[in-house]
Amino acid sequence: MATDTLRSGASAGGLRRLLLDNGALTALIVLVIAMSALSGDFLTTDNLLNVGVQAAVTAILAFGVTFVIVSAGIDLSVGSVAALSATVLAWSATSHGVPVFIAVVLAVVTGIAAGLVNGFLIAYGKLPPFIATLAMLSVARGLSLVISEGSPIAFPDSVSHLGDTLGGWLPVPVLVMVVMGLIAAFVLGRTYIGRSMYAIGGNEEAARLSGLRVQKQKLAIYALSGVFAAVAGVVLAARLSSAQPQAADGYELDAIAAVVIGGASLAGGTGKASGTLIGALILAVLRNGLNLLNVSAFWQQVVIGVVIALAVLLDTVRRKAGATPVAAGAGGPGGKGRQAATYGLAAVVTVAIVGATSFLHNGSSSTAEPKVGLSLSTLNNPFFVQIRSGAQAEAKKLGVDLTVTDAQNDASQQANQLQNFTSSGLGAIIVNPVDSDAASNSVKAADKARIPVIAVDRGVNKASVDALVASDNVAGGELAAKTIGEKLGGKGKIVILQGQAGTSAARERAEGFAKGLKAYPGIQVVAQQPADFDRTKGLDVMSNLLQAHPDVQGVIAANDEMALGAIKALGSKAGKSVSVVGFDGTPDGLNAVKDGTLYASVAQQPSQLGKIAVDNALKAIDGKKVEEMIKVPVKVVTKENVAGFTG
């Protein structure tokens, strides 16, 4: 009896230790099972491949960050270095005719150079890693914007194949992720520099006293991180068919999170490539599953934050419980055999339980309600919130099951969302592109799956959509120019606040401004600067421009948010000595028109855009003919007619 009790206790202790030593793997298994049970769309081949694609860029970045964290450092610059490397490749290959192979080498060299600068500042300049890499984050992002002039650059077709599939089903980004993971595992477990990383992270002073050249090793470690960042940037740009100067913004935090979730300690000395891969997959499964379950993007951030906190808490519990640390060459052949057995057992258990849960969804995917997905560029702008409101009201009226996602002005995140929509087998997709070029590959995939796509407010370049529902931005821009021209009596100095580079709305409105101002040769445009459709940036840019042009008499802004920022910068001048014209007719903009601080707004009807988009999506689902271009009229709203404008 006592023997049975001891065996039972030993068995329970062994299970407890197994779970503690493989906390990230356990979490991944639980997540996969939970998502499979909650969503019938999760456990499909297409969607699981989507998860792999969506994890690829984060995983590749995280492999590089693993080297740094194992050596007790931190690298906040990898997202910006990824964007810079991709921009260098696209700029050199397309704008300057450099052979593609050499352009790829230049991109990798760019990553190495950024890493070496980080390493030099840390090893020889004695800067804290946080400060050195934070500085590089800003420098690399700034250089990316300078080289690209703030606009996306088309990617070479030969490199864009990295975003394609092999045999029509196996995504190339997944293959690149696996290859880079194997390289990372080899470096950590089989090389001198890998062992050096663990030694430096475990005790830097002891490593130095034992003869290790710590400073040179740090140079190599950060250079390796730069290489992986460059590869991640190229893969991301290939997916988007363009190098985006703002790409991978914030991805450094995802990379660090993946490493920590995978079992590495920020104190250094522990970590492994397989754990990092699992951490990246956890983040991808979370985002994918929450999208499929129609969870708000805002709540997704909350959930991911909680997961990261729990991962660190688990690491603390694991250490207190005396779990096996994950270090270089952890365990001998027997240890590696046990690890392989653990992964194999985990796979078998997962497949068995997931297979059982799939019966929950048999026959349950059919529904009388047509399903439509709406991917908005952002919900941090009142204009797009109104599009959502109009779409939701119309969907409710027509009995349409509408799923709304927020790309948070991240073209890569929107690509993931559109992939999820496509693999979910929705009846139709409505997209408001973050970037008109970057959305093309995702729209092509939906077209290939014979899912109708309706673009709203902004068009999609290099891809076919069933309909574009938008205001006539060129005509609206001309109206804005005419309004300011008449207000100033045909002469005066003005500035123009432009929208987000690369979007069709920004481009078309700027074209309209230029056309309209030709009729007023006495109007001098003293400055044109992008403020990215953002109120805060509008305030900052206008404040800066006023230092150089204090005598400006008028402002044209490509949307009301930037106009409201400009009004804040102008202070008492707004509506008196300086006339400001906005665009969109948002509630805040119309209130400013009533108050007299905003002279006029070229008002669109965003609620109508959302309503008409849903109407046409339903027509496309039913096989009815839809018009290729549906223009919603714009109207100049001033203090004289604002009371009667309903929007």
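In this text the structure is predicted, and so the values were computed from the model without any measurement.
- Contact between V98 and A103 at its shortest, heavy atoms only, is CG1-N, 3.9 Å.
- Interatomic distance, CE of M197 versus OH of Y192, reported as 12.0 Å (0.5 Å rounding).
- A donor-acceptor pair shorter than 3.5 Å cannot be found between the side chains of T133 and Y222.
- Side-chain contact between R458 and S377 is present, with at least one heavy-atom pair separated by less than 4.5 Å.
- Atom CG of L61 and atom CG of L253 lie 11.5 Å apart (nearest 0.5 Å).
- The main-chain N or O of A207 is found under 3.5 Å from a side-chain atom of S210 such that the two form a donor-acceptor pair.
- Side-chain contact between I429 and S375: absent, with no pair of heavy atoms (C-beta onward) separated by less than 4.5 Å.
- At least one donor-acceptor pair under 3.5 Å links the side chain of N47 to the backbone N or O of F42.
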*Decide side-chain contact (heavy atoms from CB on, under 4.5 Å) for K216 and Y124; before the verdict, give the C-alpha distance in whole Å, the side-chain angles of both, and the deciding distance to 0.1 Å.*
CA-CA 9 Å; K216 290 185 177 180; Y124 295 96; 3.9 Å; yes
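- Side-chain contact between L49 and V174 is absent, with no heavy-atom pair separated by less than 4.5 Å.
- With rounding to the nearest 0.5 Å, the separation of CG in L84 from CD1 in I147 is 5.5 Å.
- With hydrogens and angles left out, the side-chain atoms of S144 and T87 include a donor and acceptor closer than 3.5 Å.
- Proximity of a side-chain donor or acceptor of R287 to a complementary backbone N or O of I282 within less than 3.5 Å is not detected.
- For the pair V104/V234, no side-chain contact is recorded, criterion being any heavy-atom separation below 4.5 Å from C-beta on.
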*Yes or no on side-chain contact (heavy atoms from CB on, under 4.5 Å) for L89 and L106, after CA distance, side-chain angles and deciding distance?*
CA-CA 7 Å; L89 194 163; L106 285 175; over 6 Å; no
_Between T66 and T276, is the side-chain hydrogen bond (donor to acceptor under 3.5 Å, both in side chains) condition met? List the steps._
CA-CA 7 Å; T66 303; T276 295; 2.8 Å; yes
_Let's go through R239 and N416 carefully: what are the C-alpha distance in whole Å and the side-chain angles of both, what is the deciding distance for side-chain hydrogen bond (donor to acceptor under 3.5 Å, both in side chains) to 0.1 Å, and is it a yes or a no?_
CA-CA 10 Å; R239 281 194 67 204; N416 293 342; 2.9 Å; yes
_Using the rule given for side-chain hydrogen bond (donor to acceptor under 3.5 Å, both in side chains), can you reason through S77 versus D75, listing the C-alpha separation, both sets of side-chain angles and the distance that settles it, and then say yes or no?_
CA-CA 6 Å; S77 68; D75 192 346; 2.7 Å; yes
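- V434 places none of its side-chain heavy atoms less than 4.5 Å from the side chain of D410.
- Of all heavy-atom pairs between K462 and A154, the closest is NZ-CB, 3.9 Å.
- Counting heavy atoms of neighbouring residues, nucleotides and ligands inside a 6.0 Å radius, atom CD of Q215 exceeds 12 of them.
- Here the straight-line distance linking atom CG of N118 with atom CD1 of I74 works out to 12.0 Å at 0.5 Å rounding.
- Between F63 and V259 there is no side-chain heavy-atom pair separated by less than 4.5 Å.
- For F101, the CZ atom counts as loosely surrounded, since its 6.0 Å shell holds 12 or fewer non-hydrogen atoms of other residues, nucleotides or ligands.
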*Report the C-alpha separation of Q529 and M562 in whole Å, then their side-chain angles, then the decisive distance to 0.1 Å, and conclude whether the side-chain contact (heavy atoms from CB on, under 4.5 Å) test is met.*
CA-CA 11 Å; Q529 289 291 328; M562 293 187 296; over 6 Å; no
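- Counting heavy atoms from C-beta on, the side chains of L43 and L48 come closer than 4.5 Å.
- Of all heavy-atom pairs spanning A206 and N203, the tightest one is N-OD1, 2.9 Å.
- For the 3.5 Å distance criterion, the side chains of Q408 and T378 fail to qualify, holding no donor opposite an acceptor.
- The main-chain N or O of V57 is never found under 3.5 Å from a side-chain atom of Y251 such that the two would form a donor-acceptor pair.
- Here the straight-line distance linking atom CG of L497 with atom NZ of K537 works out to 13.0 Å at 0.5 Å rounding.
- Residues L376 and T405 fail the side-chain proximity criterion, which asks for heavy atoms closer than 4.5 Å.
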*Apply side-chain contact (heavy atoms from CB on, under 4.5 Å) to the pair M35 and L292, showing each step before the final yes or no.*
CA-CA 9 Å; M35 293 303 177; L292 295 179; over 6 Å; no
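- Counting only distance, with no hydrogens or angles, the side chain of Q414 and the backbone of N432 share a donor-acceptor pair below 3.5 Å.
- Under the 3.5 Å distance criterion, the side-chain polar atoms of S225 are left unmatched by any main-chain donor or acceptor of I221.
- When the shell of 6.0 Å around CZ of R208 is examined, it contains more than 12 heavy atoms from other residues, nucleotides or ligands.
- A donor atom on one side chain and an acceptor atom on the other are found under 3.5 Å apart for Q244 and D435.
- To the nearest 0.5 angstrom, M180 atom CE is 13.0 Å from L277 atom CG.
- Checking side-chain atoms of T270 against main-chain N and O of S265 turns up a donor-acceptor pair under 3.5 Å.
- Using a 4.0 Å cut-off between charged side-chain N and carboxylate O, R535 and D540 make no salt bridge.
- In plain terms, the two heavy atoms of A90 and P156 that are nearest each other are CA-CD, 4.4 Å.
- Between N461 and S436, the side chains place no donor N or O within less than 3.5 Å of an acceptor N or O (distance only, hydrogens not considered).
- At distances below 3.5 Å, not a single donor-acceptor pair connects side-chain atoms of S138 with backbone N or O atoms of A135.
- Shortest non-hydrogen contact noted between L240 and A411 is CD2-O, 3.8 Å.
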*Kindly indicate, with the supporting measurements, whether the criterion side-chain hydrogen bond (donor to acceptor under 3.5 Å, both in side chains) is fulfilled by S242 and D437.*
CA-CA 7 Å; S242 61; D437 290 315; 5.6 Å; no
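- Judged purely by atom type and a 3.5 angstrom limit, D406 uses its side chain to pair as donor or acceptor with the backbone of L379.
- Of the residues N288, N50, T45, the one that meets the side chain to side chain donor-acceptor pair (under 3.5 Å) test with S423 is N50.
- Heavy-atom minimum distance, A230 versus V108: CB-CA, 4.0 Å.
- In terms of modelled atom types and a separation under 3.5 Å, the side chain of D532 and the main chain of D534 share no donor-acceptor contact.
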